[in-house]
Amino acid sequence: MTTERAAPAINPWHVAQQQFDIAAEKLNLDPGLRQVLREPRRELHVHFPVKMDDGSVKVFEGYRVQHNLSRGPAKGGIRYHQDVSIDEVKALAMWMTWKCAVVGIPYGGGKGGVIVDPKKLSRRELENLSRRFFTEIEVLIGPEKDIPAPDVNTTPQVMAWFMDTYSMHVGYTVPGVVTGKPIALGGSEGRNEATARGTVFCVIEAARHLQIDLKAATVVVQGFGNAGSIAARLMSDEGVKVLAVSDSSGGIHSPAGLDINRVIAWKAEHGTVVGFPGAQAVSNTEILEIECDVLIPAALENQITASNAERIHAKIVAEAANGPTTPEADEILFRRGLFLIPDILCNAGGVTVSYFEWVQDLNRDHWSEKVVNEKLHEIMTKAFAETLAISLREGAHMRLAAYLLAVQRVADATAMRGLYP
Ligand code: NAD
């Protein structure tokens, strides 16, 4: 998958801590607990060698961070991207803690990343890198300890290599050590679509609340990978007109609506949505400003900031990506009456079906896609309703409401366990 960073100046870790501080203040959280929850519990920084196809050795750098383990083992994806940094991984790990708490699944937050542009590696180099990175972080990993999953540029194939590497080391097959695996290796039905499906469930609930008829609505999607392309397809299945989509190479816009299955086929053939016949070109900054009912950022962090929030013309912003909106932009969107579904709720479908996958693996079970989607629907709509109720009660935007729900749950679990020793 191709990925480029649009606005690297804003530090996502500062954003994550700022979001936490706002919620901690409002909850009047105990100062000691506040210090504990404000920092990650563990940060592992590794340098590891990989043999390249030309016989040379290259050393790569990667991280695994566990933010809070009070509610269960760490859970969170591994990202391969040239701009990965420790601060990005720390932010993503903290967001995972809140996300698992919002949807009420028994995990703490973790995240990992390797500084690499995987487009520049051969398949064999990618496998070598994946197996050696997993070996290096294995001190933290295990089905009862820390269970990784896919994120930007990591696929079911990469998860299969991770699972095999761990299984080789312990001497038997351990499917529950990672999620997002191919179905043949203990992956769950519906996992591939889960992030996008959870986002669409949230959009449906938001539209019901705002009395927007989705059959007459329009959507714009930034990012056309696992989360974005499937969200565009599922929105189209709901009868929503897809006006524009983009990937790291640029975007395409058609006021008459895009045939999303044809765009997916085009991307599969050409590696990008750019050049799709009959559509106008649009940049990744312009795409956010197109007038629409639903805007789905599904790429990377810091896309909606104080500098463009006044120019966003959507009724609903549904954050399929992690961290696409800064705290300053949150306030601007809220003041302007836009309804934002925050990442820790909106993209929680991915980790929820990862949890289903882990439960199936531990029980040597396999559920049908119908069962998976029904359980996902139940969890997402419950979390949405609980968040909306807090938002209405407190007069707070949906991000603050989701944080109030999540931080309280994690704070309660942490306080009840008490301080060891
Ligand atoms: P992916 O690698 O499958 O796709 C990323 C997409 O974003 C690609 O189409 C890429 O071209 C595009 N992109 C990169 N930079 C861009 C830019 N500056 N402007 C526009 N497009 C750009 O990754 P993914 O798994 O779909 O993840 C996307 C987002 O969703 C990330 O924020 C990730 O953390 C979040 N997320 C993913 C999952 C999951 O299960 N995959 C779960 C929760 C959240």
Side-chain angles (χ1 to χ4, degrees), residues 1-8 12 75-84 88-89 91-93 95-96 98-100 102-103 109 111-113 117-119 148-159 178-181 187-188 190-199 202 220-232 244-252 263-264 267-268 270-274 282-288 295-304 318-325 342-355 357 376 380:
M1 204 73 35
T2 49
T3 45
E4 266 165 33
R5 189 58 46 97
K75 189 87 190 81
I78 290 176
R79 177 174 292 193
Y80 289 171
H81 195 283
Q82 59 276 15
D83 294 333
V84 160
E88 179 180 62
V89 178
L92 289 161
W95 290 329
M96 286 307 297
W98 312 139
K99 193 179 299 182
C100 294
V102 168
V103 286
K111 204 80 181 193
D117 180 355
K119 279 176 289 169
D151 192 75
V152 174
N153 288 328
T154 50
T155 56
Q157 175 61 72
V158 173
M159 299 305 118
V178 288
T179 58
K181 299 178 296 295
S188 180
R191 174 61 184 88
N192 201 38
E193 298 79 19
T195 303
R197 196 175 291 283
T199 297
C202 286
V220 167
V221 183
Q222 185 203 43
F224 208 67
N226 174 277
S229 68
I230 302 175
V245 299
S246 69
D247 58 31
S248 62
S249 304
I252 52 171
V263 178
I264 289 171
K267 168 123 187 165
H270 301 271
T272 172
V273 298
V274 173
V282 63
S283 76
N284 261 309
T285 22
E286 290 162 348
I287 196 169
L288 299 169
L295 172 63
I296 304 184
L300 292 166
E301 298 95 54
N302 303 329
Q303 299 303 302
I304 305 176
E319 294 185 329
N322 284 306
T325 312
D343 47 9
I344 59 169
L345 169 65
C346 194
N347 68 40
V351 73
T352 301
V353 177
S354 272
Y355 163 63
E357 178 174 333
L376 176 64
M380 293 305 298

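Keep in mind that this is a model prediction, so the values were computed, not measured. This chain uses plain numbering: 1 for the first residue, then up along the sequence. Atoms within a ligand are numbered from 1 in the order they appear, just like the ligands themselves.
- Taking both residues in full, the closest heavy atoms of Val221 and Gly228 are given as CG1-O, 3.6 Å, listed atom of the first, atom of the second, then distance.
- Side chains of Asp343 and Lys99 form no contact here, defined as non-hydrogen atoms less than 4.5 Å apart.
- Every atom of ligand 1 with a heavy atom of Asp247 under 4.0 Å away is listed here by number and element: 9 (O), 11 (O), 20 (C), 21 (N), 22 (C).
- Remark: among candidates Gly271, Gly225, Pro297, the nearest residue to atom 6 (C) of ligand 1 is Gly225, based on non-hydrogen atoms.
- Between Thr195 and ligand 1, a contact under 3.5 Å exists for at least one N or O pair.
- The two residues Val274 and Asp247 have their closest heavy-atom pair at CG2-OD1, 4.5 Å.
- Close approach of ligand 1 to Leu300 is summarised as follows: ligand atoms under 4.0 Å from at least one heavy atom of the residue are 15 (N).
- Looking at Asn322 next to ligand 1, an N or O pair under 3.5 Å apart turns up.
- When heavy-atom distances to ligand 1 are checked against a 4.0 Å cut-off, Ala298 comes that close only through its backbone atoms N, CA, C and O.
- Using a 4.5 Å heavy-atom threshold, the side chains of Val103 and Met380 count as touching.
- Close approach of ligand 1 to Arg191 (heavy-atom distance below 4.0 Å) involves ligand atoms 40 (O).
- Contacts with ligand 1 closer than 4.0 Å are made by backbone heavy atoms (N, CA, C, O) of Ala320 only, the side chain lying farther away.
- Taking every heavy atom of both residues into account, His81 and Val152 meet most closely at CD2-CG1, 4.4 Å.
- None of Thr195, Thr199, Asn322 except one satisfies the side-chain hydrogen bond (donor to acceptor under 3.5 Å, both in side chains) rule with Asn347; the exception is Asn322.
- When all heavy atoms are compared, the tightest approach of Ala232 to Val245 is CB-CG1, 4.4 Å.
- For atom 34 (O) of ligand 1, the nearest non-hydrogen atom from the set Asp151, Asn192, Thr272 comes from Asp151.
- Shortest non-hydrogen contact noted between Leu376 and Gly349 is CD1-CA, 3.7 Å.
- In terms of polar-atom proximity, defined here as any N/O pair under 3.5 Å, Ala227 does make such a contact with ligand 1.
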- Show your reasoning for whether side-chain contact (heavy atoms from CB on, under 4.5 Å) applies to Val351 and Cys100. CA-CA 7 Å; Val351 73; Cys100 294; 4.0 Å; yes

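- Every residue meeting the salt bridge (Lys or Arg N to Asp or Glu O under 4.0 Å) condition with Lys181, not counting sequence neighbours, appears here in chain and number order: Glu357, Asp361.
- With a heavy-atom cut-off of 4.0 Å, Asn284 touches ligand 1 through its side chain alone.
- An N or O contact shorter than 3.5 Å is missing between Pro150 and ligand 1 by distance.
- Nearest-heavy-atom check against atom 22 (C) of ligand 1 across Ala194, Gly198, Ala299, Ala231 picks out Ala299.
- Atoms of ligand 1 lying under 4.0 Å from any heavy atom of Gln222, numbered from 1 in the order shown and given with element: 19 (N), 20 (C).
- For a threshold of 3.5 Å applied to N or O pairs, the pair formed by Lys99 and ligand 1 contains no separation below that value.
- Residue contacts with ligand 1 include Arg79, since one of its heavy atoms falls under 4.0 Å from the ligand.
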- Derivation of the side-chain contact (heavy atoms from CB on, under 4.5 Å) call for Thr179 and Lys75: CA-CA 9 Å; Thr179 58; Lys75 189 87 190 81; 2.8 Å; yes

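- For Ser354 and Arg191, the side-chain atoms include at least one donor-acceptor pair closer than 3.5 Å.
- Every atom of ligand 1 is numbered from 1 in the order shown, and the set under 4.0 Å from a heavy atom of Asn153 is 2 (O).
- Atom numbering of ligand 1 starts at 1 in the shown order; those under 4.0 Å from a heavy atom of Asn347 are 43 (C), 44 (C).
- Between Ala321 and ligand 1, not a single N/O pair is under 3.5 Å apart.
- In Glu319, neither the side chain nor the backbone holds a heavy atom less than 4.0 Å from any atom of ligand 1.
- Considering both main-chain and side-chain atoms, Lys111 never comes within under 3.5 Å of ligand 1 through any nitrogen or oxygen pair.
- When all heavy atoms of Ala320 and Cys346 are compared, the closest pair comes out as N-SG, 4.3 Å.
- With a heavy-atom cut-off of 4.0 Å, Lys267 touches ligand 1 through its side chain alone.
- With contacts defined as side-chain heavy-atom distances shorter than 4.5 Å, the pair Val178/Pro148 qualifies.
- Numbered from 1 in the order shown, with element, the atoms of ligand 1 that lie under 4.0 Å from a heavy atom of Val152 read 2 (O), 23 (O), 27 (O), 31 (C).
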